[in-house]
Structures are given as structure tokens and as C-alpha cells.
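Report on the following structure.
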Amino acid sequence: MSRAEPGVRPGAGHGEAGARPAAEAGADAGPRASGPVGTVAGPPRGPGPLWTLGLFRSELLTTFRRWRTLALLGVLAAVPVLVGIAVRIETGDGPAGGGGHGDGPAFISQITNNGLFLVFTALAATLPFFLPMAIGVVAGDAIAGEASAGTLRYLLVAPAGRTRLLLTKYATTTAFCLVATLVVAVSALTTGALLFPLGELTTISGTRIGFGEGLLRALLIALVVAASLIGVAALGLFVSTLTNSGIAAMATTVGLLITVQILDQIPQLQAIQPYFFSHYWLSFADLMRDPVYWDDLLRNLGIQAVYAAVFGSAAWARFTTRDVTA
Amino acid sequence: MEERPAAEAGAVIVTRALTKRYRGGQLAVDGLDLTVPAGSVFGFLGPNGSGKTTTIRMLMGLIEPTSGSARVLGHPVPRGARAVLPRVGALIEGPALYGFLTGRDNLLRYDAADPTADPRTRRTRVADALERVGLAAAAGRKAKAYSLGMKQRLGLAAALLQPRALLVLDEPTNGLDPQGMREIRSLIRELASDGTTVFLSSHLLDEIEQVCTHVAVMARGRLLTQGPVAELAAGTRGRLVVTTPDTADAARVLKEQGAGDIAVADGDRVDAEPPDRDLAEVSAALVRAGVRVRGFAVERASLEDAFVALTGEGFDVAG
């Protein structure tokens with residue numbers, strides 16, 4: 001039988017080859033430094049089990065090597081430093097705790113007693129805008145940025161697979177949420193430790209907990225804050241599938257974020273506010289109660305899950321059927 | 001093995017009434033029936049805006065046809081694209097790169113996106129591909145510092161990361177200097193001689209004529225013709241050219257002999273549609289009439305003549 005494509009096995013299923021012994025698979029596509037690269041295809045390999053992780057790793061590397069990503073993280077790292085220095089200067093010449101218990105982000109009055117509180121203050125200060133804005137930029141750029149650079153078509157003909165590419169993008173955006181939050185937390189902890197005393201701390205409920213447990217709660221809070229951003233990430237990713245312009249997607253996502261934040265302040269809209277992705281964001285402070293008050297925390301996580309499901313599905317529906325013309 | 005009609009057996013790309021209408025209502029590709037034989041270097045020719053890139057995007061599963069069907073390497077696209085695309089290397093509408101990554105890292109990323117690419121051989125294959133397109137020395141430089149020609153080479157390298165059964169190259173010599181064009185053409189010939197089918201779109205007639213075995217011509221979204229290059233050029237009749245100092249007499253005699261479309265040019269050159277009779281008779285008639293003949297020949301039609309004959313117009317951007 002004179003087949004058109006030498007070595008082609010139309011029936012070769014995906015996954016089948018992945019289960020072959022490593023030695024055989026290696027022999028198929030093994031390094032033949034002297035041999036030509038573009039010769040006729042040998043038997044196709046199915047996707048290896050670790051393939052999706054390979055794409056995820058490549059995606060992470062690509063994202064975190066962008067200047068923009070590093071700049072965003074730099075801004076986020078600077079916020080706690082600025083807050084710490086401001087508090088230090090403000091209270092440096094007066095008695096400790098003399099800054100007053102008035103306005104300002106949560107926990108700010110406690111920083112001078114315990115540097116660990118700078119972590120909570122910094123997260124409370126960055127969560128309403130800086131953190132979600134950074135997520136909006138990264139998520140908005142995820143698909144639209146690749147489309148406007150033209151690299152999307154090459155990823156798709158590689159072929160990355162639309163669903164897998166979208167999942168990889170979402171996983172990377174989620175990873176960025178975590179990294180961004182940890183950058184704020186670590187920067188705050190370092191600044192707090194350098195400028196203020198550390199030690200036992202008092203919870204909102206008035207009980208005292210050891211520094212070790214305080215640190216643990218700080219980590220937990222960072223994780224909850226990171227999880228609070230999942231909704232914005234899904235929204236940004238959906239917007240990103242709608243356009244071929246990375247800038248437009250980023251601007252739209254950040255614009256939506258600001259709009260929702262404003263609407264959340266209008267008392268007449270009380271009825272719908274609980275459905276805003278940002279409505280329960282500051283509930284992370286409840287982790288500093290003793291015992292922890294879980295209701296709003298769980299509501300927050302629930303809302304994030306709903307946003308992820310709804311906008312994740314919308315992004316999938318859009319991306320898997322869309323014509324890639326850029 | 002799967003069943004295919006006999007005429008399409010051995011074809012690498014088969015489209016049937018493939019049509020794409022964009023949302024604005026613009027008909028980009030109109031009822032395309034294309035058959036690309038295996039092992040050919042297939043030139044896909046047409047002016048800018050004639051639907052070549054839209055066709056290629058449909059073949060690569062990037063856009064959904066409005067109607068009609070397409071099969072690549074025996075699988076339907078876009079449905080079977082995931083099974084087909086690992087065996088297809090593509091350069092579509094110019095290269096697209098991550099400017100902040102080095103040339104090598106760009107290829108590593110594209111290779112990571114391919115489910116069939118073996119991560120253990122990735123670095124070797126990337127190095128080989130860079131070597132093959134002559135970019136090994138610039139592999140460590142950021143892609144944004146590359147010239148257009150270097151980007152084009154890197155795009156080609158991405159298409160050569162794996163052994164391929166089919167290469168789809170959309171305007172592969174765009175932006176290259178004449179030396180680079182020659183290199184790419186010889187690379188294409190080399191790949192073709194290894195048995196890879198090459199589907200090459202171009203708006204450069206001489207490029208197609210130099211490297212292709214088969215050609216299809218598109219204009220305004222429709223396929224005008226397809227077939228082996230030699231046949232296409234032969235289909236257009238050559239011109240009878242008489243070189244003589246006695247141009248007026250020669251033109252008169254040629255007319256008497258039944259030649260049409262007679263034109264006198266360059267002072268000593270007369271050319272005409274050859275008449276439907278033995279050209280030896282024509283030559284004898286010229287001599288009998290005392291015309292001093294320096295040269296008497298039929299010039300074979302070039303692909304360009306064939307194209308102009310087909311489209312009835314120059315090679316301009318479609319409106």
C-alpha cells in the first residue's frame with residue numbers, strides 16, 4: 001500500500017504512546033545531532049503524562065520573565081515598605097501607639113506594638129485595588145496579549161489545544177495571585193521585623209496568641225487573600241478571550257474592578273452587593289478573631305468559586321469556538 | 001487504514017467547497033476545491049487579499065469554515081486538528097515571537113506547547129532547528145533585537161522543531177535579502193527531497209516557478225486553476241518571435257500566414273500568436289518574401305504569462 005504519508009498511523013491514539021516504555025519512546029525521537037531535523041515524520045508520539053505540566057512550566061517562566069510582571073510585583077512589594085516607614089515616622093517621636101485609633105487600613109494602629117500587624121495592614125491596604133489591578137493586568141493579557149502578538153496562532157498550531165491552553169493560562173493567573181499576595185506579605189513581614197518589635201499579639205477578640213501562631217495566621221490570611229482574587233482572575237481571563245488587544249482587555253478588567261468597588265459603596269445597591277466579587281474581601285480579618293468567625297470567610301470563598309465557574313465556563317465557551325484571526 | 005476516494009488517495013490536503021464568509025459579510029474564500037498531492041512542493045499563488053491566508057488558517061484549525069470541508073493528512077479539520085497538527089510545521093502570516101525571550105527560549109516555548117514533543121530531546125532539537133536556519137550564532141539574543149529576516153528564520157525554525165509530514169509556509173521569504181531567499185529555497189528543496197510535502201503560499205511568481213512542482217492560483221477568494229507547474233505554463237500558448245531588420249514585411253507575412261495579435265517591438269523584433277499550422281511553413285513563407293530572418297523561435301510562456309492569461313489582469317491587490 002502506497003501511503004501518502006510515510007510512517008503515519010491514523011489510528012494512533014493519544015495517550016497510547018505515552019504509556020510506552022521510556023526507552024522506546026526515546027529511541028523514536030531521540031537526539032540525532034547529525035541527522036536532519038525536518039525529515040519525514042516517524043510514528044507520532046502521544047502526549048506524555050507530564051506534558052500539561054511542561055506547558056504550565058513554560059507559561060510560568062514566560063509570565064514571570066515579562067518586565068511588566070516584575071514591575072507589578074515591585075510595586076506590590078513597595079506598598080508595605082511605604083506603609084511601614086510612614087507609620088514609623090508618624091510615631092517615631094511620640095509614645096508608642098500614640099498614632100490614634102482613627103481611620104486607616106485595619107490593624108494600622110497596632111503596627112508599632114508588633115511588626116507582624118504590618119502584614120495584615122499591608123494586605124488590607126492592597127486588597128481593594130493594588131492586588132486585583134495586578135491580577136487584572138496579568139489575566140487580561142493572558143489570551144489577548146498572545147493574540148495581539150500573534151503568538152497565539154503558533155501555540156494553537158503547535159498544537160497546545162484550546163482547552164488546555166486556557167486551563168494553563170488560568171492556572172498561571174492563579175499562581176500569580178498567590179505569588180503577588182506572598183510578595184506583599186513577605187515584604188510586609190520583613191519591613192515589620194526591621195522597623196518594629198515582634199512578639200506576642202492580641203487578637204481582635206482581645207485574647208493573646210504567641211508569635212508562632214500569629215505567623216501561622218498571617219500565612220493563612222495570605223492564602224485567603226490570594227483565594228479572594230480568583231474571581232477577578234476568572235473575570236479577566238474571560239474578558240481576555242473577547243478581544244485581540246491585550247491593552248483593551250487589561251483596561252476593561254481594571255475598569256470593571258473599579259466599577260464594582262464603587263458600586264459596593266452605594267447604600268441603595270445593598271440588595272445586589274453580596275453578589276459582588278469584592279463584597280466579602282475584607283472578611284480575612286475574621287481570621288484574627290479567637291475563635292475564628294467563619295461565616296463571611298466561607299461566603300467569600302463561595303463567591304470566588306461561583307465567579308471562577310461562571311466566567312471560566314464563559315471563557316471556555318468563547319475561546320474554543322472563536323476564530324483566531326490575529 | 002481509512003477509506004478515501006481513489007482520486008484523493010495520496011493527497012495531503014483535500015478541500016471540498018471550502019468557504020469562509022467573515023462576520024462583515026465579506027466572502028474571503030469561495031467554494032475552494034484544492035488537492036495537494038503527497039510529496040509535492042505546492043505553490044499557492046495569488047495577489048494579496050485573494051484568500052490564501054484565510055485558507056491556510058482554516059487548514060490549521062484556527063478558524064471555522066462557513067461551509068465545505070477540509071482534510072489534512074487524512075483527518076478532518078478543524079475537528080481532528082489535534083491529531084494532525086503535531087505532524088505539520090507551519091509559518092502563518094509571518095513569524096510571531098516573544099520579544100523579551102531569546103531566540104532559543106522562543107523555540108523552547110513553542111516546543112513545550114506541542115503535546116507530542118519529547119521534553120528530553122527538546123534542547124537538542126531546538127539547537128538543530130536553529131542550526132538549520134542559520135541562526136545558531138544569534139540564538140542567545142533577545143528576539144526583539146532580531147531583524148525581520150532573522151525573525152522569519154526563527155519562525156521557520158519553529159516549523160522544523162520536529163520531523164514533519166507537511167510544512168505549510170505562508171510567504172516564507174518575506175523580508176529576506178536575496179541571499180536569505182536563496183538559502184530558504186534550497187532548504188525547501190532539501191526538505192521536499194526528504195519526502196516532506198511543502199505547501200508554499202506566495203505572491204512572488206518567480207519563487208513559485210523556482211521551487212514548486214505544483215501550483216494553484218487564487219484570485220478574489222476563488223480557485224482559478226491548479227496542477228503541475230509545467231502543465232499550467234504549457235497551457236498558455238507561447239509567442240512566436242521573429243528577429244529581423246525587415247519588421248514591416250515580416251509583420252505582413254505573418255498576418256498572411258494567419259498569426260494574430262502581431263506586435264513590433266525593439267526595432268528588430270516581431271512577435272505574434274503562433275498560427276495553427278506548421279511553423280516551418282511560416283518560416284519558409286518569410287524567406288520567400290525576402291524577409292531577412294535573424295531569429296525565429298517560440299518563446300515558452302512563463303508562469304507570469306499564465307497568471308495574466310488566467311486573471312486577465314495584472315498581479316495587483318484585490319479590491
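Below, read A as the first sequence line, B as the second, and so on, with proteins coming before strands; counting in each chain starts at 1.
When heavy atoms are compared at a cutoff of 4.5 Å, B:E93 approaches chain A by way of both its backbone and its side chain. For a residue to count as touching a neighbouring chain, one of its non-hydrogen atoms must lie under 4.5 Å from one of that chain's; by this rule B:I92 touches chain A with backbone and side chain alike. Using a 4.5 Å cut-off between heavy atoms, B:L91 touches chain A through backbone and side chain atoms alike. Contacts between A:R66 and chain B at a heavy-atom distance below 4.5 Å involve backbone atoms as well as side-chain atoms.
The aromatic rings of B:F199 and B:F44 sit tilted, their planes meeting at an angle between 30° and 60°. Taking the six-membered ring for Trp and thresholds of 30 and 60 degrees, B:Y110 and B:Y98 have ring planes inclined between 30 and 60 degrees apart.
A donor-acceptor contact shorter than 3.5 Å is absent between the side chain of B:T102 and the backbone of B:G140. Between the side chain of B:T197 and the backbone N or O of B:L166, no donor-acceptor pair lies under 3.5 Å.
Between B:D105 and A:R65 there is a salt bridge, since a side-chain N of the basic residue sits under 4.0 Å from a carboxylate O of the acidic one.
Put simply, of B:E131, B:R123, B:R57, B:M58, the one with the most heavy-atom pairs under 4.5 Å next to chain A is B:R57. Of the listed residues (B:G94, B:A81, B:G89, B:G61), the one with the most heavy-atom contacts under 4.5 Å to chain A is B:G94. Taking A:L61, A:L155, A:T321 one by one and counting their heavy-atom pairs under 4.5 Å with chain B, the maximum is reached by A:L155.
In this structure, CG in A:N244 is found 12.0 Å from CD in A:E146, a value given to the nearest 0.5 Å.
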